[in-house]
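Below: the structure, in structure tokens.
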Amino acid sequence: MSHTLYDLIGLAAGVAFILALKGLSHPKTARRGNLIGAFGASLATLVVFFHTNEDSSLPLNNLGWILGAIAIGLVIGVPAARKVQMTQMPQLVALFNGVGGGAAALVAIVEYLNLGDKATTAEVIFTVFTVIVGCVSFSGSIITFMKLQELMTTRPVIFPAGRFIIAATLVSVLGVGGWVVNSLGTTPLLILAGLSLLFGILFVLPVGGADVPIVISLLNAFTGLTVAASGYVLDSTLLIIAGTLVGASGTILTRLMAEAMGRSLFGTLFGAFTAKPQDAAAAGEERPVRSGSPDDVAILLNYARRVVIVPGFGLAVAQAQHTVRELADLMISKGIDVAYGIHPVAGRMPGHMNVLLAEANVPYDQLAEMDEVNPTFGQTDVAIVIGANDVVNPAAQTTPGCPIYGMPILEVNHAANIIFLKRSMRPGFAGIENELLYDPKTMLLFGDAKASLTKVVSALKAL
Amino acid sequence: MSHTLYDLIGLAAGVAFILALKGLSHPKTARRGNLIGAFGASLATLVVFFHTNEDSSLPLNNLGWILGAIAIGLVIGVPAARKVQMTQMPQLVALFNGVGGGAAALVAIVEYLNLGDKATTAEVIFTVFTVIVGCVSFSGSIITFMKLQELMTTRPVIFPAGRFIIAATLVSVLGVGGWVVNSLGTTPLLILAGLSLLFGILFVLPVGGADVPIVISLLNAFTGLTVAASGYVLDSTLLIIAGTLVGASGTILTRLMAEAMGRSLFGTLFGAFTAKPQDAAAAGEERPVRSGSPDDVAILLNYARRVVIVPGFGLAVAQAQHTVRELADLMISKGIDVAYGIHPVAGRMPGHMNVLLAEANVPYDQLAEMDEVNPTFGQTDVAIVIGANDVVNPAAQTTPGCPIYGMPILEVNHAANIIFLKRSMRPGFAGIENELLYDPKTMLLFGDAKASLTKVVSALKAL
Amino acid sequence: MRVVVPREIKDGEKRVALVPDVINKLTRLGLDVVIESGAGVYSQATDADFTAAGATVKSGDVLNDADVVLSVQPLSPQQMATLKKGAITISFLSPVTAADSIDAAASAGVTAFSLELVPRISRAQSMDALTSQALCAGYRAAVVGAELSPRFFPMLMTAAGTVTPAQVLVLGAGVAGLQAIATARRLGAVVSAYDVRPASADEVRSMGAAFIELELEALEGAGGYAREMTEERAAKQRELLTPYIAKSHVVITTAAVPGRQAPRLMTQAMVDSMAPGTIIVDLAAETGGNVEGSKPGEIVETAGGVRIWGGKDVPSQLPFHASFLYSRNVVNLLSLFTTPAKDDQKVAFNLDFEDEIINGAAVTHAGARRGAK
Amino acid sequence: MRVVVPREIKDGEKRVALVPDVINKLTRLGLDVVIESGAGVYSQATDADFTAAGATVKSGDVLNDADVVLSVQPLSPQQMATLKKGAITISFLSPVTAADSIDAAASAGVTAFSLELVPRISRAQSMDALTSQALCAGYRAAVVGAELSPRFFPMLMTAAGTVTPAQVLVLGAGVAGLQAIATARRLGAVVSAYDVRPASADEVRSMGAAFIELELEALEGAGGYAREMTEERAAKQRELLTPYIAKSHVVITTAAVPGRQAPRLMTQAMVDSMAPGTIIVDLAAETGGNVEGSKPGEIVETAGGVRIWGGKDVPSQLPFHASFLYSRNVVNLLSLFTTPAKDDQKVAFNLDFEDEIINGAAVTHAGARRGAK
Amino acid sequence: MEPMAIVSIFVLAVFVGFEVVSKVSSTLHTPLMSGANAIHGVILVGAIIVADHSTTNLELGLSVTAIILATINMVGGFVVTDRMLEMFKGNKK
Amino acid sequence: MEPMAIVSIFVLAVFVGFEVVSKVSSTLHTPLMSGANAIHGVILVGAIIVADHSTTNLELGLSVTAIILATINMVGGFVVTDRMLEMFKGNKK
Ligand SMILES: NC(=O)c1ccc[n+]([C@@H]2O[C@H](COP(=O)([O-])OP(=O)(O)OC[C@H]3O[C@@H](n4cnc5c(N)ncnc54)[C@H](OP(=O)(O)O)[C@@H]3O)[C@@H](O)[C@H]2O)c1
Ligand SMILES: NC(=O)c1ccc[n+]([C@@H]2O[C@H](COP(=O)([O-])OP(=O)(O)OC[C@H]3O[C@@H](n4cnc5c(N)ncnc54)[C@H](OP(=O)(O)O)[C@@H]3O)[C@@H](O)[C@H]2O)c1
Ligand SMILES: NC(=O)c1ccc[n+]([C@@H]2O[C@H](COP(=O)([O-])OP(=O)(O)OC[C@H]3O[C@@H](n4cnc5c(N)ncnc54)[C@H](O)[C@@H]3O)[C@@H](O)[C@H]2O)c1
Ligand SMILES: NC(=O)c1ccc[n+]([C@@H]2O[C@H](COP(=O)([O-])OP(=O)(O)OC[C@H]3O[C@@H](n4cnc5c(N)ncnc54)[C@H](O)[C@@H]3O)[C@@H](O)[C@H]2O)c1
């Protein structure tokens, strides 16, 4: 295969990666995007077997080893990815990212050994870069994996003088890196790799459980850059493009993720050192809830077949009746089956919800009484509870003696997903805590109901 | 200046152009974007004076000529751009585009003369491409300029056997192009230039007045590609990047423009040949109206200080009261002064608009009676007339004998801009035509009021 | 020039032809306004209010030196006779029901304007008292329906069960009907409506109510009014409407054809088919009734427990705002032919019978009844 | 076991304690339902409807063999006396105003439940007849206000001028007050409201009305009810409310404190300060009146042209739905202590006085009046 | 520069060009077109380079013409775009 | 390839990367990260190239390890991403 053709196919794979990322940024095209990416990657892998240039000829050297290694990789990777449970996917991604970083570091090392003295300074610099970042990514990812898999504590691990140790490690990594560039040699390179691995561990240990996904995303971007650097050393446009793409999009993505979780990137990475340890402990005491963004809510709604809206006093306080109707209309126009589940004592006056919803001209036939709607929650994909609380509180059925015990409730707990729109974790009229807020099926969208709904509507329109 | 530094500055200019286009795609950043572009262009122009390489030294040859030519260009270009009236800007852009195309063609010709036999085939191919497309862009733009400036008819110019003549010209252009590539030589190149100029004229003549902007955009994209091709010949990364950017974005933009105007690109370019001539004539009879998109409306509203909403029967028919309130709330939240101007007989029942707007909970103090609102139209930036017609029809004041003569009206014609939301050009209850629809200040947004308003709200939110 | 507002003498008439806050519009033109003492008593305007607004309040005979008399109901023949020659009257004055007053006006040499005859052109909308009073009547009809009904209008889902919304049917969707629709809908009722005019389907829907489509030809007359229907069509219409009527909790009828008896939309049999507790509000009771058995000014309860409210002077039941709107209509008409005082020029009336409105509304002039309209 | 519904004997009482469509809930439990002939006549339920629903309709004395008697108003002492020992009655039965009936029940050995005393806990909401009837009263208050007012409630911009919206003031924003707010707002009025409970500000605003903040301490009592206020505070409150009252076109008062006279919110002087045509709807007229001079069941017109509508049996004025809701409350309470028939087990009543609701609501049992509550 | 590099740059620049303008609102179509038009005025750089290379009068004449045209395109283009965009001169925020 | 070309490609690819994901909704953050992660699995290509170049056992051993790791990254990455995206399997439209 001519070098030009090879390069062109490589470029085509690069284009496939661009299209893959583009596709992955939209729910409608995400799956197709991923397939395009897989196609690009397969293409690139395939043609490398037919690639010849001045100093190599077909078939490749060590072809057996190569094919065997690929087979092993397949045997490990595919079943792992196939069998993993939904909830464990993040740690698997972390692991995959780590091995990718490791691979990049190994490639750099081998090429370094191979080039020996022929290496230009630039090539050595890129090699050093790849080794450092690849190793950090590798060991860092392993730690995040262990945290997520709960093989170790999910709390930030703080040790005395932690920041000094980390700083010292970083300085020595850079020092050894400089040494390698100046004097070349295998030993310094291996020392460099070792120190970088250590740094990766130290770097991730202090990060708290909730922030781990952000760190994975950052390490992912890092790995991308190592791939780009390897591309330079191996003179492969494809690797440069693919690596840069991942590096750039990964960086943006990391920032977006941090924003979506309401954290600063800096705080995530170095928070454990700046914050006082007892804070972290105190935060650990609170029971975890799952809070989402308007986008998350919109996506849940967009892919639902049946949605039940449960309004309560908070809807009236927020005067969000017009907005909720807009949301319902939008869902209906998307072919989603929408009903309002009206609890007889929702609000603060008999018929309070009716007054509100009539004002927004919600057709009467969309309103369902409690007895009518309760049996349908089993077939409901999403129950969206807007400023209601007591009327969906399972304590009414499960906690004899509590003030609302015996009151019939809207059984939203039977729906596949529950979304709560409220401003805080405060209880409702009866003043008792609602266990449903802590249910794993529940997603909380904090904020004034009207503001939240407006955002959900925009997000849903954008899908 | 070292070649690397020179190249890096060129790349910086390329980045400036990317940022310029990015900025220009958003109202808020558009001006800044343009300035960044201007900065990039100045930078690129400046450093070329300090650029040295193997076969040239500073100062540049012919420096006086170069500086003089730039001075002449400035003396012509700046005042023209400064003095032109708002309405004439499109033709000026066409003209500028044309001279840019011409410049690219000339650069290619000179470089060709200069290279002589040293030119590689690839270079010659790119030169031929630049000459053809640059000349087409030049002559085509001149014709569009003349059409827009009404120096010639704005109607499609159709001549007998037109399509055959055009096809023949195209074939000869390609033929001569091939000849140049094969045999080289100045004469064939000049013939090629001449034929390309002719083709440019023939290509644009059949396009009708309304489609001209689309053609300008297309020629603009073409010119971008010639610049990229020149970049190849001159070995300038900057020109390649800048030219490609303009080529790509120009292509997308052309498509977007055609879509926004509800035309297919193909139909625009070749419509005159496929449509029957009498159709074109008949279409010419209709009085022109200015119809806009929801985006246009949103931008007008976004930059207004005072907006008066004039509802009418159409609002009631569309049951768009909730949506209009949403729009008003959104504008108010942006600090725009919003009032509803209620005509006493708007709708079909006394107080019809009150009933509607009260349902959407529009605060009573936002409603202004006719006598109250009429004196304020002079200070109103946008009057948005939603499904009303008779109540704003100036015929009531100007046309004695018409059915509504003598009825007081809402004097929206005193507002700086008028937007009409209606479904068609049909008149209202009184059945008489409304001159205001043809007013140059008026923009029409066709469609059901509710659907249109929903789109405007989304567009306004996105700003 | 003296503009006089006498007390209304008709029983049940609670409006007044001028309310205090429009008086300055007349005095500004240079007119003197005289109000008979007690004229505003039912519409919440005291003599003191009138005086404060710039009018003169007088008792006793106020008509003899009047140049213009403004009233709601037609002046009686006796009152007409006391007017001086050339005087002008503006009031409701139906050629059909007030023929004697018109004759008296003609013989007294009075120029009498009838608000019923103001043409329904755009320019005259501000003088259109039929519309403004129909607006009051329509609102009133829905409020009365709600007041009489043993049911809630809105839907309410409560701990004690769900109250279903009232089904309200409006027959005749002119000005009054549309306002009745709007008001009933505001209260939360489910409203449907029927009218014979083709344009009314869109108008009804524009109020958010359902329009009942019957397979019958439309009846559009001149000026946006309906035409009278034949007895055959009337029977067919009644038959087709029966199922809709049977499931309604409140029926409001407003159908009218200008200058005719009100069309009979519901027979006794239809009324009898309705459930006990149903309310029928017949705004047309005074002109013959849309509903068989309705009596103006009374609530008739049938053996089947259906109550029929017969409208009588309905706008008078909202006296404050009915007078408010009526006054403005009258003032706008008067202003149309008044040349205001200016410099040393005195205020004058200028009856230009070329003007479509003046020509249309004047019933008598210069001692004669004007051509039939 | 026989459940009996006698005709209501109190004048003006138009409700019935069971409506036909809940009867199957009782028969399904295994109970026999006997309705006195004509019991439903005012609430649109004929004897035939009851029979069709599975009840037995009887004339004459129905009480003597009753196991359970359901009624709206308390049975008279005479009626109580005719009951067999151990019988159960469910009705309104205020320890304050119906003391003689309670005594009679105690001496007859009857277990009498008072709906006023059902505790206001979440579980009892479906039996809370005070709430369901207050709902009817609140709706009614706003409708009556609109009906009586000489003004439009909504704003209307018309060719004859702009009708400004009515200003409605609601004093006391409990169940009835909130519903009055909702209804007046639906009609387009501009509503403001005041209440002494601190939670009510949010509740009022959640209805879209304006809450009037007075600089006075809040008065929150037990169970979400208000406390009585001192005369000093009452005077202060009246003074602070005066400007709001003066500019209102309709005032609706619903203030109550359980077991007490209704608080006096408006004095004669305040009423006199209002413009003619103003309407006051006093829902508390029967318990002493929030407004000085109001008379239950009457419309009092003051010299200043203000009309005060005094509420009397207000829910009875919406008899169909008031009965509908009341029936469900009663049935829910009865079901609470009924063990349904099952297999060969017969239906039985099981009065568990450990249950907060039964304990709270039963006033007499086994020949004695139960502890003061 | 290697052809492969040029192709890669070209392909990537096409993507950037597409992405960057793909969501522009229609009111900005004309200013955007005008701005893009001004950008291709950097052909001025090319014109200067060929003027530098010019040896014959013909070449010089043509390249001087090219410089004039390119300058008009570039400078005029940015100025006219700026004028179009004056309406967005943020009267608030 | 010339350094300038590489820098240009790098800069342009950065822009493409930024633009392409800049508006992604938060529910797609995880799949997108996972997909990007799979993409950098193309280091497999690099690993194969160095395996081809390998002459010593050390080199071969390292590069075979690299191939295994890279394959896991790439193939596993795409598969797991696909599984994550199953919820978007358009149950309608
Ligand atoms: N219907 C009646 O007749 C009546 C009468 C009296 C009492 N009640 C009682 O009232 C309760 C009604 O239950 P419910 O579920 O409707 O109300 P709820 O239990 O009081 O819950 C309302 C929820 O809305 C949230 N909220 C308040 N303002 C909000 C805003 N602006 N935006 C978003 N969320 C807001 C609050 O949480 P945050 O503070 O975290 O936002 C609160 O948890 C029952 O306990 C019932 O017994 C009913
Ligand atoms: N208020 C009263 O009491 C009363 C009573 C009777 C008559 N009138 C008369 O009615 C007229 C009222 O004037 P007006 O300006 O309110 O109404 P209009 O003059 O009838 O104009 C209404 C406009 O709305 C448009 N439209 C209709 N449906 C629409 C929809 N779904 N979406 C968007 N646009 C829609 C129509 O244009 P397209 O068809 O192109 O969409 C029409 O031009 C006056 O002539 C008045 O005299 C009033
Ligand atoms: N252009 C204007 O200035 C203007 C002003 C006011 C009213 N109008 C229009 O005039 C029309 C009539 O107004 P109106 O309310 O004074 O009319 P009206 O009082 O004469 O009649 C009331 C309604 O009854 C209907 N009707 C008649 N016979 C009927 C039958 N057999 N069955 C059912 N309905 C029947 C009529 O169609 C009308 O809608 C309306 O369309 C109104 O919009 C126009
Ligand atoms: N949790 C439940 O199940 C439940 C059920 C029904 C009602 N409630 C609540 O109970 C409360 C009272 O209900 P209600 O309507 O039966 O009360 P009510 O009929 O006893 O009183 C009516 C209103 O008058 C107010 N009031 C008393 N004195 C006043 C004064 N001097 N000035 C102004 N207002 C005065 C009271 O605060 C109350 O809001 C409400 O908050 C209601 O929401 C709770």
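Quick caveat, the model's predicted, so the values are computed rather than measured. Below, chain A is the first sequence line, B the second, and so on; all start at residue 1. Side chains included, hydrogens not; waters and symmetry mates left out as well; all remaining heavy atoms used.
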Nearest-0.5 Å distance that lies between atom NE2 in F/His53 and atom CG in A/Leu113: 13.5 Å

Chi angles and distances behind the side-chain contact (heavy atoms from CB on, under 4.5 Å) call for A/Leu106, F/Ser63: CA-CA 7 Å; A/Leu106 289 175; F/Ser63 49; over 6 Å; no

Validation row: A/Asn62, F/Asp52 side chains within 4.5 angstrom (heavy atoms): no

F/Leu12, part contacting chain A, at a heavy-atom distance under 4.5 Å: neither

Test item: A/Ser25 side-chain N/O and F/Val20 main-chain N/O as donor-acceptor pair under 3.5 Å: yes

Heavy-atom check, side chain of A/Val93 versus side chain of F/Met84, under 4.5 Å: yes

Main-chain N/O of F/Phe78 paired to A/Asn34 side chain as donor or acceptor, under 3.5 Å: yes

Within 6.0 Å of CZ in A/Arg32, more than 12 heavy atoms from elsewhere: no

Listed partners of A/Tyr112 passing side-chain contact (heavy atoms from CB on, under 4.5 Å), at least two apart: A/Val124, A/Thr127, A/Val180, A/Leu184, A/Leu189

Heavy-atom contact with chain A under 4.5 Å, split by part of F/Met33: both

pair A/Leu24-F/Thr81: side-chain heavy atoms closer than 4.5 Å: yes

Contact origin within A/Ile70 toward chain F - heavy atom pairs under 4.5 Å: both

Other residues, nucleotides, ligands: >12 heavy atoms within 6.0 Å of F/Phe15 CZ: yes

Non-hydrogen side-chain atoms of A/Pro27 and F/Leu28 separated by less than 4.5 Å: yes

Contacting moiety of F/Val14, where chain A heavy atoms sit under 4.5 Å: both

Heavy-atom proximity to chain A below 4.5 Å, by part of F/Leu62: both

Set of residues satisfying salt bridge (Lys or Arg N to Asp or Glu O under 4.0 Å) with respect to F/Glu19, sequence neighbours excluded: B/Lys22

Considering all heavy atoms, the nearest A/Glu111-F/Val50 contact: OE1-CG1, 3.3 Å

Interface residue of largest heavy-atom contact number with chain F, from A/Val227, A/Leu253, A/Leu234, under 4.5 Å: A/Leu253

Which atom of F/Ala13 lies closest to which atom of A/Ile241, heavy atoms considered: CB-O, 4.5 Å

Heavy-atom check, side chain of F/His40 versus side chain of A/Asn97, under 4.5 Å: yes

Which atom of A/Val107 lies closest to which atom of F/Ala66, heavy atoms considered: CG2-CB, 4.0 Å

F/Val64 to A/Trp65 - nearest heavy-atom pair and separation: CG2-CB, 3.8 Å

Chain A contact via F/Ala38 - which portion, at a heavy-atom distance below 4.5 Å: neither

Nearest heavy-atom neighbours spanning A/Leu256 and F/Val21: CD1-O, 3.8 Å

N/O donor-acceptor pair under 3.5 Å between F/Arg83 side chain and A/Met89 backbone: no

Partner chain A: residue of F/Leu69, F/Val24, F/Ile49, F/Thr65 with the largest heavy-atom pair count (under 4.5 Å): F/Leu69

Over all atoms of both residues, closest heavy-atom pair of F/Val42 and A/Ala242: CG2-CB, 3.8 Å

Within 6.0 angstrom of A/Phe49 CZ, more than 12 heavy atoms from elsewhere: yes

Rounded distance (nearest 0.5 Å) linking atom CD1 of F/Ile67 with atom OG1 of A/Thr45: 10.5 Å

Candidate pair A/Leu245 and F/Ile39, rule side-chain contact (heavy atoms from CB on, under 4.5 Å), full reasoning: CA-CA 9 Å; A/Leu245 277 178; F/Ile39 287 174; 5.9 Å; no

Contacting region of F/Ile48 [heavy-atom separation from chain A under 4.5 Å]: both

